[in-house]
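Ligands are counted one by one from 1 in listed order, and the atoms in each one are counted from 1 as well.
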Amino acid sequence: MNVADNSVEGRGELVLIRFEDGVAVIEVNNPPVNALSEGVPEGIARAIGTADTDASVRAIVLMGAGKTFVAGADIKQLEEMAWGRGAGAPNMHDLLKRIEDCSKPVIMAIHGTALGGGMELAMAGHYRVAVKHAQLGQPEVNLGIIPGAEGTQRLPRLAGVEKAIEMCVSGKAVKADDALAAGIIDAIVQGDLRSEAAAFARRVAADGLPHRRTRELTVHVKAHGTLQEALATGRELARKAKRNLIAPLKAIDAIEAAASLPFEEGCARERQLFQECVESQQCRALIHAFFAERGVAKISGIGKETAVAPIERIAIVGAGTMGGGIAMTCANAGIPVLLKESRQDALDAGMAAIRRNYDASVKRGRFTPDAVAERVARIHPQLDYAGFETADLVIEAVFENMETKKQVFSELTARTKADCILASNTSTLDIDEIASVTRHPENVVGLHFFSPANVMRLLEIVRGRATKKETLATALALAKRLSKVGVVVKNGPAFVGNRMMFPYMYEAQFLVEEGATPQQVDRALAQFGMAMGIFEVDDMAGIDVAWRVRRELGHFSEPGSRKPLVADKLCEMGRYGQKTGKGWYLYGEDRKPAPDPEVLRLIRESARAAGIAQREFTDEEIVERSLYGLINEGARILEEGGAQRAADIDVIYINGYGFPAWRGGPMFYADTVGLRRIYDRVCQFERELGQRWKPAPLLQRLATEGKSFREYDAEQNI
Ligand code: 3HC
Ligand code: NAI
């Protein structure tokens with residue numbers, strides 16, 4: 001056994017090399033994901049050099065230690081580059097050339113994920129083998145960049161232009177069998193990867209098989225007649241599927257260079273395009289979003305030592321819109337579910353909706369009929385509490401009414417074991433009051449799923465006054481198991497996401513009272529990058545739902561507060577939104593919103609009666625008035641401890657409210673505008689529009705000190 005000299009202080013050996021019967025096995029050993037951090041490329045190059053010059057070595061296997069191959073460049077290093085700091089990207093070009101030019105065959109052995117720079121490293125090998133569950137991908141676009149280590153040059157040579165475009169534009173990884181079919185890997189191995197890869201390597205050496213250099217292959221198109229057609233289709237796809245993003249189009253430019261320039265020149269073009277992307281605001285925002293999402297699980301006072309309770313069986317109360325979706329989410333994660341309703345007809349309707357949803361997934365090719373049958377079988381519909389005594393967690397999803405919720409929780413506390421976690425899916429109600437009727441309020445928590453619960457990634461985990469840290473740690477672990485992003489928020493009216501939504505929604509309504517139209521506001525917001533305009537959102541969620549919440553939370557009860565004029569009237573007219581075919585918009589068969597002259601008339605008449613002056617608005621004003629109120633409320637929430645970090649709010653808005661990730665979330669976006677500018681505008685709005693625009697003290701402080709929300713987060717040191 002021999003070890004390459006590449007240890008980095010505090011991290012041990014980053015690259016290991018062992019000699020096994022004529023094969024040098026090089027292992028990248030940089031946990032948790034074997035990123036290509038400083039020292040790793042150098043270590044691999046040294047190990048390759050050692051193996052190349054060792055006469056006893058006939059072939060080389062390169063693999064990842066631990067649970068994965070190489071998950072790409074070190075994103076911390078990229079972040080430094082994005083902010084114009086640090087030493088820049090590692091020079092992968094020399095390493096990849098060194099591997100390709102090695103006199104011994106180099107076999108890449110892949111398990112876990114080969115992503116970004118990891119996949120690019122793999123493509124420089126002479127052969128690639130992978131285990132069945134391995135995945136390969138070029139996810140760089142998700143970080144606002146393009147592959148920067150020759151992925152755009154090698155992938156179209158291996159798999160063709162179309163596959164390269166598909167992978168570099170979507171950022172989605174492919175499974176091993178797809179990679180095999182596309183020509184990206186050469187074999188799928190059964191059994192132990194290390195010994196199978198070594199055996200493969202010995203065969204290549206013994207049979208004198210060619211050292212296949214990817215760079216020497218020819219770029220080819222598969223499905224299209226010409227390269228230009230393939231590129232045009234790709235660009236169209238990129239514009240549609242990745243609206244507003246710069247990197248996907250640049251990735252296609254780089255792929256075009258692969259097809260039209262010699263390899264070395266294509267690589268230089270890729271580097272240039274990569275550099276343009278990494279210096280962009282989009283890259284900074286998306287890297288912020290990447291780390292923000294991974295940061296939410298870090299909660300002060302909760303660590304690895306905090307006990308996480310095993311969740312083997314979940315019970316749900318209420319099989320309506322949310323209960324059904326939550327049941328599907330649990331079943332999809334392999335967890336058996338008891339689903340309780342109070343009435344047979346509601347239970348039947350709930351189960352029918354679940355089956356309909358799954359059937360649609362089968363039609364879309366997402367699940368096989370067998371997989372669906374397995375999932376449905378995990379959901380046990382019932383009208384009583386039978387079996388609740390064995391549940392580790394109960395999620396309540398009954399009507400949004402405090403008395404009903406308290407009644408359910410007092411029944412639950414009597415019928416569940418003492419350490420069972422009791423969760424409410426309430427979107428606005430006080431968790432402490434709900435917990436007050438239970439024997440163990442320390443086990444009560446809010447689990448605020450978003451609609452449709454089986455689709456939306458966000459889960460607000462609401463911490464009540466009594467909620468103990470083990471309950472939170474268990475909720476966070478469960479979120480991960482359910483493939484959700486769990487963000488811990490403090491109990492309080494409407495928690496974080498919905499609380500910020502109200503000033504945003506009301507301001508949009510004031511804008512239309514002052515002369516804008518719902519479609520103009522929605523168009524401006526969509527152009528800004530929101531997945532949907534706010535009036536469309538209101539129609540989708542239900543204008544009646546917002547009406548009930550307004551009353552429940554006592555909005556506009558303060559004397560002198562300006563109350564929106566139209567939403568209540570729409571409710572009184574039975575225009576609840578999509579579900580009634582009419583709301584702010586009209587909905588036909590295609591369920592697409594169309595402007596309704598009746599609504600416009602109602603808006604104008606209401607404004608005239610209230611003496612509101614009419615004027616025109618620019619898109620910029622619309623975005624400022626809609627979003628600055630939301631940001632101001634976010635600052636207030638932060639200061640009150642409603643969310644731990646500004647970045648947590650960003651994660652909430654990106655994953656639950658369609659805020660564009662490429663703008664980094666509302667708080668990061670505020671930083672990019674500059675908190676001074678936001679604060680000045682908020683002050684101006686306060687002067688012109690009144691009290692509701694009172695600036696949050698935190699916004700004022702940060703603006704005055706010339707600081708950003710990112711700096712505020714860093715100071716929290718959580
Ligand atoms: N660089 C630095 N840190 C990384 C990283 C990377 N490439 N990938 C993951 N991490 C860190 C995470 O921040 C997290 O750190 P923490 O524990 O301190 O919060 C830890 O590794 C574990 O990550 P996850 O919680 O995400 O673990 P999972 O097991 O759920 O997922 C994964 C693993 C699928 C590898 C996922 O982390 C992932 O998708 N990572 C990003 C992969 C990627 O985008 N690679 C491309 C990078 S860009 C590039 O390679 C440019 C090249 O072309 C030059
Ligand atoms: P829903 O009206 O679709 O479903 C509620 C179901 O609970 C009904 O089927 C009803 O029969 C049942 N139910 C009532 N009392 C019961 C009892 N004692 N035992 C068993 N079942 C009972 O309501 P929805 O939309 O699913 O909302 C449920 C909860 O989720 C509410 O607290 C709501 O605020 C919250 N929520 C709703 C979202 C949405 O978009 N619909 C989003 C996030 C949270």
Atom indices of ligand 2 within 4.0 angstrom of Gly320 heavy atoms, with elements:
3 (O), 4 (O), 6 (C), 9 (O), 26 (O)
Can Ala397 be said to touch ligand 2, with heavy atoms closer than 4.0 Å?
yes
Any Pro147 heavy atom less than 4.0 Å from ligand 1
yes
Measure Lys67 to ligand 1 on non-hydrogen atoms and call it side chain, backbone, both or neither using the 4.0 Å cut-off.
side chain
Quick test of your reading of the structure: of Ile316, Ile395, Val398, whose heavy atom lies closest to atom 17 (C) of ligand 2?
Val398
Counting each atom of ligand 1 from 1 as listed, which ones have a heavy atom of Pro32 under 4.0 Å away?
20 (C), 21 (O)
Quick one: look at Thr68 and ligand 1, take heavy-atom pairs under 4.0 Å, and tell me if it's side chain, backbone, both or neither.
neither
Does ligand 2 have a heavy atom under 4.0 Å from the side chain of Asn425, from its backbone, from both, or from neither?
both
Please confirm whether Lys340 makes a cation-pi placement over Tyr385, using NZ or CZ under 6.0 Å from the six-membered ring centre and within 45° of the ring normal.
yes
Please determine, by modelled atom types, if Asn425 and His448 share a side-chain donor-acceptor pair under 3.5 angstrom.
no
For ligand 2, which atoms have a heavy atom of Val408 less than 4.0 angstrom away?
18 (N)
For ligand 1, the portion of Pro139 having any non-hydrogen atom under 4.0 Å away:
side chain
Do Thr428 and Glu400 meet the criterion of a side-chain donor-acceptor pair at a distance under 3.5 Å?
yes
May I ask whether atom 17 (O) of ligand 1 is less than 4.0 Å from at least one protein heavy atom?
no
Quick one: does ligand 2 sit under 4.0 Å from the side chain of Phe449, the backbone, both or neither, non-hydrogen atoms only?
backbone
Please determine whether any non-hydrogen atom of Leu78 lies less than 4.0 Å from an atom of ligand 1.
yes
Any non-hydrogen protein atom less than 4.0 Å away from atom 2 (C) of ligand 1
yes
Identify whether NZ of Lys or CZ of Arg in Arg294 sits under 6.0 Å from the centre of the six-membered ring of Phe290 and within 45° of that ring's axis.
yes
Show me which atoms of ligand 1 lie under 4.0 Å from any heavy atom of Gly116.
46 (C), 50 (O)
Check Asp74 against ligand 1 and report side chain, backbone, both or neither, counting heavy atoms closer than 4.0 Å.
both
Pair Asn29-Asn34, side-chain hydrogen bond (donor to acceptor under 3.5 Å, both in side chains): steps then yes or no:
CA-CA 6 Å; Asn29 178 37; Asn34 293 328; over 6 Å; no
Which residue owns the protein heavy atom closest to atom 27 (O) of ligand 1, what's the atom, and how far is it?
Lys480 NZ, 4.2 Å
At less than 4.0 angstrom from any non-hydrogen atom of Val317, what atoms of ligand 2 do you find?
19 (N), 20 (C)
Ligand 2 versus Gln407: contacting region, heavy-atom distance under 4.0 Å
neither
Of the backbone atoms (N, CA, C, O) and the side-chain heavy atoms from C-beta on, which set of Gln138 has a member under 4.0 Å from an atom of ligand 1: side chain, backbone, both, or neither?
neither
Between Ser424 and Glu396, which heavy-atom pair has the shortest distance, and what is it?
OG-OE1, 2.5 Å
When you measure from atom 14 (C) of ligand 1 to every protein heavy atom, which one gives the shortest distance, and what is it?
Arg294 CD, 4.3 Å
So, for atom 31 (O) of ligand 1, does the protein have a heavy atom nearer than 4.0 Å?
no
Of Glu120, Glu100, Glu270, the one forming a salt bridge (Lys or Arg N to Asp or Glu O under 4.0 Å) with Arg154 is Glu100
Ignoring hydrogens, tell whether any protein atom lies closer than 4.0 Å to atom 23 (O) of ligand 2; use the non-hydrogen atoms only.
no
Examine the proximity of ligand 1 to Met92 and report which part, side chain or backbone, both or neither, has a heavy atom under 4.0 Å away.
neither
Thr426 heavy atoms, cut-off 4.0 Å: which ligand 2 atoms fall inside?
32 (O)
Under 4.0 Å from one or more heavy atoms of Lys405, ligand 2 contributes atoms 31 (C), 32 (O)
